Protein chains: 2
Amino acid sequence: MRKETSTNSLNRSILNRNCGMVNALSMVGGRWKPAILYSLAEGRQRYSELRNGIPQVSERMLVKQLRELEHDRLVARIVHPEVPPRVEYELTERSKELLPVLNLLSDWGRKNL
Amino acid sequence: MRKETSTNSLNRSILNRNCGMVNALSMVGGRWKPAILYSLAEGRQRYSELRNGIPQVSERMLVKQLRELEHDRLVARIVHPEVPPRVEYELTERSKELLPVLNLLSDWGRKNL
DNA sequence: CAGTATCCCACTCGATACTG
DNA sequence: CAGTATCGAGTGGGATACTG
């Protein structure tokens with residue numbers, strides 16, 4: 001059994017790993033996405049609660065990143081057909097699986113500030 | 001002992017967590033940084049080895065991201081004063097601690113392609 | 001309340017050519 | 001060998017004003 005150290009097989013495994021990373025980063029790499037996920041980790045929240053909870057983010061960016069998170073199925077958007085309108089957001093199974101990993105990354109990031 | 005669910009204390013912890021994440025992402029969020037780290041995880045490598053190992057990256061970006069990684073002390077740059085020049089790169093303690101976390105993130109990313 | 005629409009800057013990234 | 005230099009397209013993100 002030959003050791004897999006040839007340049008080709010090595011690259012392939014590295015590039016495979018990297019492919020997963022690139023995908024993960026494209027989903028959570030937005031400027032405000034981690035903040036949104038952390039906020040929703042406390043429980044389902046209305047749009048205005050998110051907005052007040054993360055005061056630095058502009059409406060444009062909050063909506064944009066929420067839509068992307070929704071598209072990537074990391075948050076669920078629950079629209080209540082009422083007047084005045086009420087929209088809530090919550091984590092999905094997919095993002096709940098991710099949270100512990102984000103916590104590790106966040107801890108590392110704080111440790112190495 | 002009061003449950004910490006007031007808006008203020010909640011925000012503070014979220015923003016603290018997020019602060020670590022933002023820092024972590026700023027260090028590893030570059031398009032090629034994970035690939036570089038994974039490549040170096042196999043052991044110390046010369047500049048040309050990295051370049052050949054990650055053929056998609058342009059020289060400009062490879063050098064740029066290497067410099068940023070070096071600045072953030074995630075890779076060490078070892079210059080051998082010879083002719084022709086020889087430069088090697090290797091992981092630091094700091095990035096070795098990070099690798100398991102990156103692997104988790106990468107696994108999650110692959111799983112949710 | 002929960003968003004859209006518009007404008008615009010800064011920065012990222014890639015390709016190509018050149019160099020100590 | 002291990003990089004710089006330069007240019008140009010594309011993207012991320014902020015400020016502000018408006019709306020069903």
Side-chain angles (χ1 to χ4, degrees), chain A residues 7 15 18-19 21-37 39-40 43-72 74-90, chain B residues 7 15 18-19 21-37 39-40 43-72 74-90:
Chain A
T7 311
L15 292 177
N18 192 44
C19 163
M21 268 301 298
V22 168
N23 187 47
L25 287 176
S26 79
M27 291 202 258
V28 299
R31 176 72 184 78
W32 301 103
K33 287 180 183 177
I36 293 170
L37 294 176
S39 192
L40 291 179
R44 183 190 294 191
Q45 284 183 43
R46 300 182 63 162
Y47 173 79
S48 52
E49 292 180 295
L50 280 172
R51 217 165 77 68
N52 295 329
I54 314 171
Q56 302 96 323
V57 68
S58 69
E59 301 208 51
R60 187 177 108 77
M61 286 317 295
L62 178 57
V63 174
K64 195 155 172 279
Q65 308 239 320
L66 277 171
R67 290 293 124 86
E68 290 177 15
L69 288 169
E70 189 190 358
H71 175 262
D72 292 330
L74 297 184
V75 311
R77 183 165 175 267
I78 301 145
V79 182
H80 301 272
E82 307 169 356
V83 176
R86 184 158 63 96
V87 177
E88 295 181 305
Y89 294 89
E90 65 181 5
Chain B
T7 309
L15 294 178
N18 192 46
C19 164
M21 269 300 297
V22 167
N23 187 46
L25 288 176
S26 79
M27 291 202 261
V28 299
R31 175 75 184 78
W32 301 105
K33 286 181 184 178
I36 294 170
L37 294 177
S39 191
L40 292 180
R44 183 189 293 193
Q45 286 182 42
R46 301 183 64 159
Y47 173 80
S48 53
E49 292 179 293
L50 280 172
R51 218 164 77 69
N52 296 329
I54 314 171
Q56 301 99 321
V57 67
S58 67
E59 301 207 52
R60 187 177 108 77
M61 285 317 296
L62 179 56
V63 174
K64 195 153 172 283
Q65 308 239 323
L66 277 171
R67 290 292 126 84
E68 290 176 16
L69 288 169
E70 188 191 359
H71 174 261
D72 292 329
L74 297 183
V75 311
R77 183 165 175 267
I78 301 144
V79 182
H80 301 271
E82 309 169 356
V83 176
R86 183 158 64 95
V87 177
E88 294 181 306
Y89 294 90
E90 67 181 4

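All values reported here derive from a predicted model rather than from experimental measurement. Letters A, B, ... are given to chains in the order of the sequence lines, protein chains preceding strands, and every chain is numbered from 1.
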Checklist outcome for this item: Arg31(A) has its side chain closest, among dT4(D), dG14(D), dC1(C), to dG14(D)
Checklist entry - Using a cut-off of less than 4.0 Å, is there contact between a side-chain N or O of Arg77(A) and OP1 or OP2 of dG3(C)? => result yes
Item to check | Glu59(B) CD to dG20(C) P, straight-line distance once rounded to whole Å | outcome: 16 Å
Checklist entry - Between dG14(C) and Trp32(B), is there an OP1 or OP2 to side-chain N/O distance shorter than 4.0 Å? => result yes
Checklist entry - Could you state the CG-P distance from Leu25(A) to dG12(D), rounded to the nearest angstrom? => result 13 Å
Checklist outcome for this item: Applying the 3.5 Å cut-off to both distances, the Watson-Crick or G-U partner of dG20(C) turns out to be dC1(D)
Checklist outcome for this item: Side-chain contact check for Arg67(B): nearest option of dC1(C), dT4(D), dG14(D) is dT4(D)
Item to check | hbond_proxy Arg60(B) side chain to dG14(C) base (donor-acceptor, 3.5 Å cutoff) | outcome: yes
Checklist outcome for this item: Here the distance between atom C1' of dA2(C) and atom OH of Tyr89(A), to the nearest Å, is 8 Å
Item to check | Rounded interatomic separation in angstrom, taking CE from Met61(B) and C1' from dA5(D) | outcome: 15 Å
Next on the checklist: Tell me the interatomic distance from Leu62(A), atom CG, to dT4(C), atom P, rounded to whole angstroms.
Outcome noted: 11 Å
Checklist entry - What is the nucleic acid contact for Ser58(A), judged by heavy atoms within less than 4.0 Å: base, sugar-phosphate only, or nothing? => result nothing
Checklist entry - Heavy atoms under 4.0 Å, any strand shown: does Glu49(A) hit a base, just sugar-phosphate, or nothing? => result nothing
Checklist entry - To the nearest Å, how far apart are His80(B) NE2 and dG20(C) P? => result 23 Å
Checklist entry - Taking C-beta and beyond as the side chain, do Met27(A) and Lys33(A) meet within less than 4.5 Å on heavy atoms? => result no
Item to check | Beyond-backbone contact of Arg31(A) with Val22(B), side-chain heavy atoms, under 4.5 angstrom | outcome: yes
Checklist entry - Would you say Gln65(A) reaches dG13(D)'s phosphate, i.e. side-chain N/O to OP1/OP2 under 4.0 Å? => result yes
Checklist outcome for this item: Note: for Arg46(A) and Gly29(B) on DNA chain C, the residue whose nearest nucleotide lies more 5' is Arg46(A)
Checklist outcome for this item: Taken to the nearest whole Å, NZ/Lys33(A) to C1'/dG13(D) is 13 Å
Checklist entry - Quick check: does any side chain N or O of Gln45(B) sit under 3.5 Å from a backbone N or O of Ser39(B), one acting as donor and the other as acceptor? => result yes
Next on the checklist: Measuring only between side-chain heavy atoms, which start at C-beta, is Trp32(B) closer than 4.5 Å to Leu66(B)?
Outcome noted: no
Checklist entry - If you look at every strand shown and take non-hydrogen atoms under 4.0 Å, does Arg51(B) touch a base, only sugar-phosphate, or nothing? => result nothing
Checklist entry - Taking side chain as C-beta onward, heavy atoms only, is Arg77(A) less than 4.5 Å from Tyr47(A)? => result no
Checklist entry - What's the OH-C1' distance between Tyr47(B) and dG3(D), to the nearest Å? => result 6 Å
Checklist entry - Under 4.0 Å between a side-chain N/O of Ser48(B) and OP1 or OP2 of dC1(D), yes or no? => result no
Checklist entry - With both distances kept under 3.5 Å, what pairs with dC8(C), Watson-Crick or G-U wobble? => result dG13(D)
Checklist entry - Looking across every strand, which nucleic acid part, if any, lies under 4.0 Å from Glu82(A) by heavy atom: base, sugar-phosphate, or nothing? => result nothing
Item to check | pair Leu40(B)-Glu90(B): side-chain heavy atoms closer than 4.5 Å | outcome: no
